[in-house]
Amino acid sequence: MTTAKRDTYTPETLLSVAVQVFIERGYDGTSMEHLSKAAGISKSSIYHHVTGKEELLRRAVSRALDELFGILDEEHARVGTAAERLEYVVRRMVEVLMAELPYVTLLLRVRGNTGTERWALERRREFDHRVAALLKDAAAEGDVRADVEVRLATRLVFGMINSIVEWYRPEGPDGRGGVSGVSGVSGTSGAGEHEVVDAVARLVFGGLRKAS
């Protein structure tokens, strides 16, 4: 289990460690004692900064959600054809997922058992709906194929992107990202971030774009 050194403890360290523990043990299976041991600080020190583990969960999933929703406010997500904006959003989603891998991983694993989890799930659905609206607009403009139902296409696109958390590892001996759990490919080497982004874009839009 990830452990923070006591002399490097900060609120950000606590959040980072909490996310790792939540991922490893599951949020429901994590106690304040687990967080205390992993962070290398007393439970009273944790309570000095947060009210409990649910506040840590909310801060963690908020970080992931803020990054994802921030994509939709970027210029290239607002200007251009729907297909151009959609491709930009898809690429940026992959970039955000890899840059904020632990936080997005945790976001994708919430189950709705607490108020914070239900809030996070609702925000995720809102984000999904906004991306789906882009896909619908691109179909209406004739830039993507219309023979695949929008809701299904959206689920497939999100399924491909979200699966990255299961196999992508951001650090390797050469500083490149890695692929884990794929036969014949080392868990510490393989596709770099740009390669993953380009591969997802090619696969998604190779299948979605209407043939010339």
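Position 1 is the first residue of the sequence, and the numbers go up from there.
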Would you sort out whether Phe127 and Leu65 count as a side chain to side chain contact (heavy atoms under 4.5 Å, CB included), showing the intermediate values?
CA-CA 9 Å; Phe127 181 81; Leu65 287 163; 5.7 Å; no
Under 30°, 30 to 60°, or over 60°: which ring-plane class applies to His76 and Tyr88, parallel, tilted or perpendicular?
tilted
Pairing of Glu84 and Arg91 as salt bridge, 4.0 angstrom limit
no
Charged N-O contact under 4.0 Å between Arg92 and Glu74
yes
Considering only NZ, NE, NH1 and NH2 on the basic side and carboxylate oxygens on the acidic side, decide whether Arg59 and Glu55 come within less than 4.0 Å.
yes
Decide yes or no for Met98 and Val197: does some side-chain heavy atom of the first lie under 4.5 Å from some side-chain heavy atom of the second?
yes
Quick one: are Arg202 and Asp198 in side-chain contact, heavy atoms under 4.5 Å?
yes
Side-chain donor-acceptor pair present, Ser44, Ser42, cut-off under 3.5 Å:
yes
Between the CZ atom in Arg124 and the CG atom in Leu107, the distance rounded to the nearest 0.5 Å is 5.5 Å
Below 4.5 Å, heavy atoms only, C-beta onward: do Lys136 and Thr154 meet side chain to side chain?
no
Closest non-hydrogen atom pair, Leu15 against Leu56:
CD1-O, 3.5 Å
Any Ser62 side-chain heavy atom under 4.5 Å of Trp119 side chain:
yes
Identify the two heavy atoms, one from Ala18 and one from Leu35, that lie closest to each other, and give their separation to 0.1 Å.
CA-CD2, 3.7 Å
Both conditions, 6.0 Å and 45 degrees, for the charged tip of Arg123 above the ring of Phe69: are they met here?
yes
Determine, for Arg63 against Glu12, whether the closest basic-nitrogen to carboxylate-oxygen distance falls under 4.0 angstrom.
yes
In Å and rounded to the nearest 0.5 Å, what is the CZ to CD1 distance from Arg78 to Ile71?
13.5 Å
Looking only at the side chains, is there a donor atom on one of His48 and Ser45 sitting less than 3.5 Å from an acceptor on the other?
no
Ala82 and Ala138 have their tightest heavy-atom pair at CB-N, 3.4 Å
Begin from the C-alpha positions of Tyr27 and Arg111 and carry the test side chain to side chain contact (heavy atoms under 4.5 Å, CB included) through to its verdict.
CA-CA 9 Å; Tyr27 176 73; Arg111 293 293 178 263; over 6 Å; no
Is there a side-chain contact between Arg109 and Thr105 (heavy atoms, below 4.5 Å)?
yes
CZ (Phe205) and CG (Leu86) are apart, to the nearest 0.5 Å, by 4.0 Å
Distance check, rounded to the nearest 0.5 Å: Leu106 atom CG versus Gln20 atom CD?
9.5 Å
Rounded to the nearest 0.5 angstrom, the CE-CD1 distance for Met93 and Ile164 is 9.0 Å
Compare all side-chain heavy atoms of Ser16 with those of Tyr103 and state whether any distance is below 4.5 angstrom.
yes
Nearest 0.5 Å, please: how far is CZ in Arg118 from CG in Asn113?
8.0 Å
Pair Glu117-Thr114, side-chain donor/acceptor within less than 3.5 Å:
yes
Consider only side-chain heavy atoms of I, L, V, M, F, W and Y, link residues closer than 4.5 Å, and tell whether Val200 and Leu156 are in one cluster.
no
Which atom names give the shortest non-hydrogen contact between Val21 and His34, and what distance separates them?
CG1-CB, 4.4 Å
With side chains defined as the heavy atoms from C-beta onward, is the minimum distance between Leu14 and Ile46 less than 4.5 Å?
yes
On a heavy-atom basis, the closest approach of Val17 and Ala39 is CG1-N, 3.9 Å
Show the nearest heavy-atom pair for residues Ala77 and Arg85, with the distance to one decimal.
O-CD, 3.2 Å
Measure the shortest side-chain to side-chain distance between Phe22 and Lys53 over non-hydrogen atoms and say whether it is less than 4.5 angstrom.
yes
Sub-3.5 Å donor-acceptor pair from the side chain of Glu195 to the main-chain atoms of Gly192, do we have one?
yes
